[in-house]
Amino acid sequence: MRKEGERRRKRKEDKKRVVVSNLPFEGRSHKENPNRHYCGNQIKTSRYTVLSFLPKNTFEQLHRFANIYFVGIAVLNFIPVVNAFQPEVNMIPICIILGVTAIKDAWEDLRRHQSDKVINNGECLVYSRKEQSYVQRCWKDVRVGDFIQVRCNEVIPADILLLFSSDPSGICHLETANLDGETNLKQRRVVRGFSQQEVQFEPEHFHNTIVCEKPNNHLNRFKGYMEHPDQTRTGFGSESLLLRGCTIRNTEVAAGIVIYAGHCPWTASSALYSPPSPPPNPAPVGHETKAMLNNSGPRYKRSKVERRMNTDIFFCIGLLFLMCLIGAVGHGLWNGTFREHPPFDVPDAKGSFLPLALGGFYMFLTMIILLQVLIPISLYVSIELVKLGQIFFLHHDLDLYDEETDSSIQCRALNITEDLGQIQHIFSDKTGTLTENKMVFRRCTIMGHEYPHQENAKRLETPKELDADHEEWTQYRCLSFPARWAQGPAETRSQGGVQPLKRSQSVQVPIQRHSRQRSVGRWENAQSPVAFSSPIEKDVTPDKNLLTKVRDAALWLETLPDSRPAKPSLSTSSYVADFFLALTICNSVMVSTTSEPRQRVTMPPSTKALGISLEKIQQLFQKLKLSSLSHSFSSTAPSDTDLEESLGTNVPTTDSEERDDASMCSEGYSTDGGSRSSTWDQSDAPASGSGVSLEEVPEGPASPELCYEAESPDEAALVHAARAYSVTLVSRTPSQVTVRLPQGTCLTFDVLCTLGFDSVRKRMSVVVRHPLTSEIIVYTKGADSVIMDLLGDPACETDSAVEKRMRKIRAWTQRHLDLYARDGLRTLCIAKKVVSEEDFQRWASFRREAEASLENRDELLMETAQCLENQLTLLGATGIEDRLQEGVPDTVAALREAGIQLWVLTGDKQETAVNIAYSCRLLDQTNTVYSINTESQETCASILNCALEEVKQFYGPREPDHKFFGFGPASEKPPYASRAAVPEVGLVIDGKTLNAILQGKLEEKFLELTQYCRSVLCCRSTPLQKSMIVKLVRDKLSVMTLAIGDGANDVSMIQAADVGIGISGQEGMQAVMSSDFAISRFSHLKKLLLVHGHWCYSRLARMVVYYFYKNVCYVNLLFWYQFFCGFSGSTMIDYWQMIFFNLFFTSLPPLVFGVLDKDISAETLLALPELYKSGQNSECYNPLTFWISIADAFYQSLICFFIPYLTYKDSDIDVFTFGTPINTISLATILLHQAMEMKTWTIIHGLVLAGSFLMYFVVTLVYNATCVTCNSPANPYWVMEGQLSDPTFYLVCLLTPVAALLPRYFFLSLQGTYGKSLISKAQKIDKLPMDKRDLEIQSWRSKQMAAPVPGEAQPTHRPVPPVPEQDLRADTSKSSSSPEKTCKEDRVLRGERSSRDHTGDDPCSVDSSAKLSSGDHLRLGPNSAMASGASSRGQADICRHSIKGSHLRSQSSLTI
């Protein structure tokens, strides 16, 4: 038992890392340092050294089967009994192939060496006990346990636990663009207990022990604790960890202790460095930082063409063994015809002869060496070179360049370019992929009242005009304005008087780029824009009705007593005030200014108390003087009555200090969102004394505009919306957040706790103490599906009026949420909760224990959050518009015409996703849309069966695909997509239904239904579900899949697909770094697939087929010769000529063909998307085309061998004189075959073909003239020179290629004249003049539109149009404690009208016909629905009861 306990404790300790300070061990033996076992900070990304390069690189190249094969052949040729060539010469081809690859690897590794050297020699400040200060040291010399000091704009050299920050609040700001591409700043907090440091941090006073987790690749997860000398512990997490590669911003100095050391996945070639210095204590190369553990590098994927090619290589190996077996048997039979041993059969030293069987075996090996070229050794290298050329043209396509982001396409996976031309399913994210991810505040509902913001909607209809105004306004930024003009009051002041500020004169100056100071000798990044700060996101036009209520609510706030109210207020002002305070407070938005870029605005602690606003008094006098401005949109000053109510009857006289605080907190307000922060400086305060007049108030310098840096666009949109109503976030620290109200008064809330957003909870909460009432308030925002379940039960209210009011608010809010979703808006619910002091202290203690825990920390934190976020009071909801990207509808339509089925996998609400699907043409108003929403596996199975039965009845069954061993006529549509192209059916499911399908083994039924669908939408799906769906479709249907997304939640989906595409959008670079290709807009997908994908596949596939043909054709010449040389393994072609044939004479034309050939122009491919189907069907390279090319190679080799043989049959020419015409004829035939395959002819094509042929003659003439004794006893000396003087040679070389290529030419002529394929038709159109080509394309498209979809079973009668949407939902209601609340409808199947149709929401009782037993036969669909009665009479409204714990909605529907 003791041993078991020790073993268990040891395993537990192995999961931890213990770090102590290195300072006590400085100058002592390295073995005494307990941190000596941890990796050093020196990095080594290179793979080789000078000594290890040759053996290691050779070993790595031998992992490729083809290289092993050819090395084995070369070694076999060294055996004297079986050699066919000179062994040294036979090594030349494989050595050249391995050498070229080795040179490429050496060049890449040299660049890695140089990059490592630059990074390792970067300088940083490390504390030295001997020097008693921080000293310069190279990055590679940093060790775990060292104390590092980092200054502003410097890059962090290792993973550091933050122990000191020059910020008074203990906050350090990071830019993580090097890790995830996000330009918005992140906050990191000093470990608890170290933040209140009045002086500089002293590392020598640090005697604590740090215990944390082992190195892992989770960037956002880190846990540990610090054990003090008194055995007490302080917990910390990822909020205190500074990751290597990040840049310090907005913080003068930060210091900490190194926890992990190692590599970061980026290089900074533009930095300044000093020469390297040797490390004092050598340490192993570091790869333990989270950045290094996340740097997996480019992934290797095998393309579909490569997989097909490997299969065909095995067929070629089988063909090779068959030919060698024929040679071995033929050798034995031929030797058996001699009664005596022939004179060329030489005995061994003992005078004995080889047995026939052993001689046949030796001849088998000899034939393998002789016919080894049947396996194309240069094919792999040629494919790599061709793909590099294809990627070069991809990178330089201006149509795939985005000027706005200054980015072009990135090809991160270099070996799957041809897969872009064979995609059959696309899985797309919605937010940021189909949409812009620019969140614009559109409308909101508060206390059940909806505010449509119609003026804001009109503004969004003309975004280009706004951008033009913005550009014009920025030209005047440098002008000098009145001192207080930039602070944002309703009216501007100047010497000439007060003038109203019109909307067109908005003082909002959107600044997207920041200038930063560069530290000399430090690493610096490129300037990056402030995220989510475009004009269309920042400028929000307020709703006039709500604007008045916000003003009233702000004045109501000041009437609150300093004590907690007895009852929660249900007044409109209280709801509006809490709603906008929640928008402003419940986020992680950072505040900076434009004049001091990314310098955080902080409020002095003395401003915590509420002051009397002088700006309010000023506005009062202005209103009295300029009464005509009272109706102006900009003038929103309070009335006398409001002022008296807010200040009391007697305005108290404050002393100088209080008045200073009041003036610092006082600001004007602007209804157009033009609020500005004040400069929190005592110099701006008026002089002491209570009787200071307005004219005596000195005007400070103009305050700069506030910049909001948010981690998500949703947060930025809500903060900008609140600022439009002059509820402005002006300062945020870890402990306080300051909000400026419309009348200029500032409220500073103490932040007690922040529960950040996560994908499991789907909400965020902030716990604050109200500065007026001292209440502890929890503000929560999150997804409506979650918040609605966390609301308090209205039945618990003692007052029936309050209960009725709360139910009404909830019902109307839900109705507005549904309306927002139908309009395609992203919805968020806002709620609050008041917590007593005792309950909060009890909860805070529980929270601290969870934070300090190292085991099950995440589970404990989740439990504490759930304990706090319940019994919430609903305040309202917001609707945020995520605008559709430009060109998305056209791109989706083109992809669908190309035969690609598009799925949308999103975590958004179902109604929002459906609306976006209609907007981008995924769904059409005439479609029948099936919506399935259920948690029950049995119900899901019955629904799928009914839907399948209905679809099969209406559209006809799918015909099975009959093919024999892969052979058969290629249909225009792949069998799986023949029904997907029918533009009639759409399918919408949610995440719960996906769980039921995946767990209930209903995948086959689900996939069968999706094959009839035009499009599939999966809503409320998690990242794991996205990847599972992609794998399910990819594996079960055996189709080529492509996944495209822009966020971290899309990474698993992108990696699961055959081709992963990341969009470099506003959600960082996680998706890009995990992708194979990266683009900047979804619309680029159109040309990437339809043009470049088609070209890449067509070029590479035809080049691979040509390589197989070329090698088989040439090798067969040697094989036919064996029938006339007694299967002796001899050749009629000089072996140098054979080597040159593949390496030089026929290598360049296929490369040019694979890089430059265009079978169809880009304009035609874009105009006729259905041409893409040729790649989906693998028309260029499939088993049929492979074996046809092999058969053609056999035929051409027969012609190229036997015509010269018959010509020189009875002559006395030598063997090389006979072989030279055959070699010349075969070269001419193979090059002419290549010319017939080329669809594009340029000067390069002609020069390469002619140059290859001329090179053959030049090399052969020089070789034959100089090689006197190269291949004794039969030498090729002067053979070609003699042939060129013989007319027979010219005649044979002219007629033989014609005879060899005549069948192929005849076949291509018939195919071009009478071919029915889409490609051949398009090639004819492509050759027409421009005007005629456009007419033909228009005619083609009109015929395609008019023609019925092939294979569609048309219904015999259709008395009425189909119901546009079939909504199949099975809502298994949860029983509550009271029987009266138990919902009795277990399964309701209903066909809902299209989500765009606005239907009534009046509740009613459930129709008895909606209750179906499990044994009932369900007939779903348009016909069955209409057969049950007239469309109007058959409708029945289904009331979905609101049950605690379930989020149900009331909708009008058709009961089936």
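Computed from a prediction, not measured in an experiment: that's the story for all the values here.
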**Asked** Do Asp750 and Val737 pass the side-chain contact (heavy atoms from CB on, under 4.5 Å) test, and can you show the C-alpha distance, the side-chain angles, and the key distance before you say yes or no?
**Response** CA-CA 7 Å; Asp750 289 334; Val737 57; over 6 Å; no
**Prompt:** Aromatic ring centroids of His720 and Tyr708 under 6.0 Å?
**Reply:** yes
**Message:** Is the distance from the ring center of Tyr575 to that of His449 below 6.0 Å?
**Reply:** no
**Request:** Salt-bridge test for Arg761 and Glu869: reply yes if a basic N is under 4.0 Å from a carboxylate O, no otherwise.
**Result:** yes
**Message:** Under 3.5 Å, is there a donor on one side chain and an acceptor on the other for Lys781 and Asn587?
**Reply:** no
**Prompt:** Only one of Arg815, Arg443, Arg442 clears salt bridge (Lys or Arg N to Asp or Glu O under 4.0 Å) with Glu450; which?
**Reply:** Arg443
Hey, does [Y] have a side-chain heavy atom less than 4.5 Å from the side chain of [X]?
| X | Y | answer |
| --- | --- | --- |
| Val739 | Val727 | yes |
| Leu868 | Val767 | yes |
| Asp543 | Leu547 | no |
| Ser571 | Val576 | no |
| Pro771 | Leu747 | yes |
| Arg551 | Tyr725 | no |
| Leu557 | Leu741 | yes |
| Val778 | Ser765 | yes |

If you compare all heavy atoms of [X] against all heavy atoms of [Y], which two are closest, and at what distance to 0.1 Å?
| X | Y | answer |
| --- | --- | --- |
| Met788 | Cys829 | CE-SG, 4.3 Å |
| Val766 | Val768 | CG1-CG1, 3.5 Å |
| Ala724 | Val540 | CB-O, 3.4 Å |
| Arg732 | Ser588 | NE-C, 4.3 Å |
| Met439 | Ile880 | CB-CG2, 3.3 Å |
| Gly792 | Arg810 | O-NH2, 2.6 Å |

Separation between [atom1] of [X] and [atom2] of [Y], rounded to the nearest 0.5 Å:
| X | Y | atom1 | atom2 | answer |
| --- | --- | --- | --- | --- |
| Glu837 | Ile776 | CD | CD1 | 4.0 Å |
| Leu874 | Ile446 | CG | CD1 | 11.0 Å |
| Lys833 | Thr780 | NZ | OG1 | 8.5 Å |
| Leu752 | Ser735 | CG | OG | 10.0 Å |
| Asp784 | Thr827 | CG | OG1 | 4.0 Å |
| Leu755 | Arg763 | CG | CZ | 9.0 Å |

**Request:** Answer yes or no: is there a donor N or O on one side and an acceptor on the other, between the side chain of Asp799 and the main chain of Ala801, under 3.5 Å?
**Result:** yes
**Asked** Is the side chain of Thr584 donor-acceptor paired with the backbone N or O of Phe580 at a distance under 3.5 Å, no angle test?
**Response** yes
**Message:** With side-chain contact (heavy atoms from CB on, under 4.5 Å) as the criterion, how do Met590 and Gln187 come out once you've worked through the C-alpha distance, each side chain's angles and the decisive distance to 0.1 Å?
**Reply:** CA-CA 9 Å; Met590 292 174 49; Gln187 289 186 358; 3.6 Å; yes
**Message:** The test is side-chain contact (heavy atoms from CB on, under 4.5 Å); show your working for Asp714 and Leu718 and say whether it passes.
**Reply:** CA-CA 6 Å; Asp714 300 78; Leu718 296 180; 5.6 Å; no
**Request:** Please name all residues satisfying side chain to side chain donor-acceptor pair (under 3.5 Å) with Thr754, sequence neighbours left out, ordered by chain then number.
**Result:** none
**Request:** Might you work through the side-chain hydrogen bond (donor to acceptor under 3.5 Å, both in side chains) test for Tyr779 and Asp578, ending with a clear yes or no?
**Result:** CA-CA 8 Å; Tyr779 288 115; Asp578 281 325; 2.9 Å; yes
**Asked** What is the ring orientation for His816 with Tyr820, classed by angle as parallel under 30°, tilted 30 to 60°, or perpendicular over 60°?
**Response** parallel
**Message:** For Met447 and Trp812: C-alpha separation, side-chain torsions, deciding distance, then whether side-chain contact (heavy atoms from CB on, under 4.5 Å) applies.
**Reply:** CA-CA 8 Å; Met447 202 180 178; Trp812 277 102; over 6 Å; no
